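A short worksheet on the structure shown next.
Just so we're clear, the structure is a prediction, and the values are computed from it rather than from any experiment. Numbers restart at 1 for each chain; the letters A, B, ... are given by sequence-line order, proteins then strands. Only heavy atoms go into these numbers, but all of them, side chains included; no hydrogens, no water, no symmetry mates.
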2 protein chains.
Amino acid sequence: MPKPDKKVDIVRAALELIAENGFHGAPMALIAEQAGVGAGTIYRYFANKDVMIATLFRELEDRLNAAILDGYETGTPIRERFLHVGATVLHYFIDNPTDFRFLEQFINSPYGAAHRRDKLLGTQEGCDVFKELFEDGIAQQVMKDFPLVILFDLAFGPLLALGRDHILGFVSLDDTLIERAIEACWDGVGR
Amino acid sequence: MPKPDKKVDIVRAALELIAENGFHGAPMALIAEQAGVGAGTIYRYFANKDVMIATLFRELEDRLNAAILDGYETGTPIRERFLHVGATVLHYFIDNPTDFRFLEQFINSPYGAAHRRDKLLGTQEGCDVFKELFEDGIAQQVMKDFPLVILFDLAFGPLLALGRDHILGFVSLDDTLIERAIEACWDGVGR
DNA sequence: CGTTGCGGAATGAACGTTCATTCCTATAAT
DNA sequence: ATTATAGGAATGAACGTTCATTCCGCAACG
């Protein structure tokens with residue numbers, strides 16, 4: 001049983017390098033160096049690079065889901081729930097730019113495609129929140145009657161774009177701007 | 001002076017392979033094979049792979065801009081112009097999935113980052129249409145008073161997401177669904 | 001009209017580099 | 001002493017690019 005903190009070091013190094021330089025700019029040798037570890041050591045903790053990346057992704061996904069679930073209340077009105085979740089997600093992106101950039105890289109990669117497929121069939125815990133929210137919204141006639149996927153796109157398309165542009169420095173989002181932007185997203189999905 | 005149709009073959013092969021498999025799944029040797037051309041021949045037309053990809057991108061960008069400009073009327077009301085442009089873009093994506101997937105790959109890559117930077121400073125012809133549209137919309141008080149970048153994100157974030165999900169088969173967009181989705185985007189940016 | 005010579009275009013095997021992965025040695029723990 | 005862990009040089013596959021060679025169309029010449 002290897003020392004766990006080495007694994008942590010490796011994962012952090014991988015996260016930082018991939019977020020900064022993309023998958024291509026993060027060879028195993030560099031990851032090892034930045035983690036203060038031998039190249040071969042990584043393979044004591046992960047079968048190969050793909051497994052390492054998938055593990056890392058799942059970890060970040062869990063963190064994001066936890067952030068979303070934190071403070072989420074089933075009882076409040078749909079619109080309030082939507083605004084809360086939207087602002088939480090956007091804040092998470094802005095406060096964790098490294099996480100965001102890694103996630104972005106991941107979903108726009110061969111890895112991400114397969115992952116998306118799976119998500120549509122089997123239900124994921126974090127996803128359920130949105131599914132439920134949107135289904136409730138349609139049922140209560142406060143949201144437009146679209147297929148769920150479209151509602152996702154209307155709501156999250158802007159969020160990802162906003163997160164990216166803030167992190168790239170194209171716009172500087174403060175709290176009021178975030179709030180107004182999420183309200184605009186609501187205007188897109190609500191009726 | 002080399003025969004021009006070889007260049008066309010090469011560019012098409014590159015477009016198809018990159019759209020299908022990403023940049024990694026499109027080695028020069030494969031591109032050459034699919035183009036019915038020797039590997040070295042590519043380098044008679046392009047200095048290197050980066051130049052080839054940049055050229056290809058500019059070509060697709062021009063095609064998309066042409067599609068947008070086609071049927072665009074400066075005189076009509078803002079909302080109508082927005083709906084027209086939005087529907088045109090989304091239709092272009094759906095009718096040209098290969099183009100769309102290449103563009104998607106490109107903008108989510110080291111290449112795309114640099115390109116985005118440039119776009120913000122120097123004005124591009126196709127971009128001007130949107131800039132003008134959004135600026136007019138704000139001035140006439142029919143759009144929310146956001147920084148331009150945010151309006152872009154609110155409007156195009158969903159478009160890209162919708163195009164991707166349609167092409168991946170997660171949703172099947174018909175004409176009425178497209179129209180309604182663009183109207184929803186308008187609800188996001190309009191007031 | 002047939003032959004020869006020429007120059008740009010095309011080729012693909014070969015090269016050098018990069019990278020993930022393996023393997024063997026050294027070290028620490030029990 | 002035996003085993004578990006770490007290290008990093010070695011390995012081999014894959015890739016972009018190069019270059020010596022071949023191909024091809026055409027003009028000059030006999």
Side-chain angles (χ1 to χ4, degrees), chain A residues 1-59 102 105-106 108-115, chain B residues 1-59 102 105-106 108-115:
Chain A
M1 60 188 85
K3 287 189 71 182
D5 52 336
K6 293 226 173 190
K7 189 171 183 176
V8 171
D9 290 345
I10 291 166
V11 166
R12 180 170 46 232
L15 168 62
E16 284 168 5
L17 282 171
I18 292 172
E20 185 80 19
N21 311 320
F23 289 106
H24 319 278
M28 293 298 254
L30 235 187
I31 294 173
E33 189 186 329
Q34 179 139 339
V37 143
T41 306
I42 296 179
Y43 292 86
R44 298 202 56 76
Y45 295 90
F46 302 100
N48 55 51
K49 196 178 186 180
D50 284 9
V51 168
M52 186 187 72
I53 288 169
T55 305
L56 178 46
F57 173 74
R58 242 171 273 124
E59 205 172 291
F102 175 88
Q105 303 269 358
F106 184 88
N108 297 308
S109 79
Y111 306 111
H115 183 263
Chain B
M1 60 186 83
K3 287 190 69 182
D5 52 336
K6 293 227 171 191
K7 188 170 183 178
V8 171
D9 290 346
I10 291 166
V11 166
R12 182 171 45 233
L15 168 62
E16 285 167 5
L17 281 171
I18 292 171
E20 185 80 19
N21 311 320
F23 289 104
H24 319 280
M28 293 299 253
L30 236 188
I31 293 173
E33 189 186 330
Q34 178 139 340
V37 142
T41 306
I42 297 179
Y43 292 87
R44 299 202 55 77
Y45 297 91
F46 302 100
N48 54 51
K49 195 177 186 180
D50 284 8
V51 168
M52 187 187 72
I53 287 169
T55 305
L56 178 46
F57 173 74
R58 244 171 273 124
E59 205 173 290
F102 174 89
Q105 303 270 358
F106 184 89
N108 298 308
S109 78
Y111 305 112
H115 183 263

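Across the protein-nucleic acid pair, B:Arg44 atom CZ and D:dC19 atom P stand 14 Å apart, rounded to whole Å. Remark: P of C:dT21 and CZ of A:Phe46 are 13 Å apart, rounded to the nearest angstrom. Following rounding to the nearest Å, B:Asp9 (CG) and C:dA10 (C1') show an atom-to-atom distance of 14 Å. A:Tyr45 places its OH atom 18 Å from the P atom of C:dT21, with the value rounded to the nearest Å. Atom CG of B:Leu17 is separated from atom C1' of D:dC15 by 15 Å (rounded to the nearest Å). Between the CD1 atom of A:Ile31 and the C1' atom of D:dA6 there is a distance of 18 Å, given to the nearest Å. C:dA10 atom P lies 12 Å from atom NZ of B:Lys7, rounded to whole Å. D:dG16 atom P lies 10 Å from atom CG of B:Leu30, rounded to whole Å.
If you take CD on A:Glu20 and CG on A:Leu15, they are separated by 11.0 Å, rounding to the nearest 0.5 Å. Separating the CE atom in A:Met28 from the CG atom in A:Leu17 is a distance of 11.5 Å, to the nearest 0.5 Å. Here the straight-line distance linking atom CG of B:Asn21 with atom CD of B:Glu16 works out to 11.0 Å at 0.5 Å rounding.
Looking at B:Asp5, its side chain never comes within 3.5 Å of a backbone N or O of B:Val8 through a donor-acceptor pair.
Residue B:Lys6 has its side chain nearest to C:dT11 when only C:dT11, C:dT21, D:dT5 are considered. When each of D:dG7, C:dT21, D:dT17 is scored by its nearest atom to the side-chain atoms of A:Lys49, the top-ranked nucleotide is C:dT21. Comparing C:dT11, D:dC15, C:dA20 by their nearest atom to the side chain of B:Thr41 picks out C:dT11. Checking D:dT17, C:dA20, D:dG8 against the side-chain heavy atoms of A:Tyr43 singles out C:dA20 as nearest.
In this structure, B:Lys6 does not pair ionically with B:Asp9, as no charged nitrogen and carboxylate oxygen lie closer than 4.0 Å.
Closest-nucleotide positions on DNA chain D for A:Gly38 and B:Phe23 were compared, and the one nearer the 5' end corresponds to A:Gly38. Closest-nucleotide positions on DNA chain C for A:Gly40 and A:Gly25 were compared, and the one nearer the 5' end corresponds to A:Gly25.
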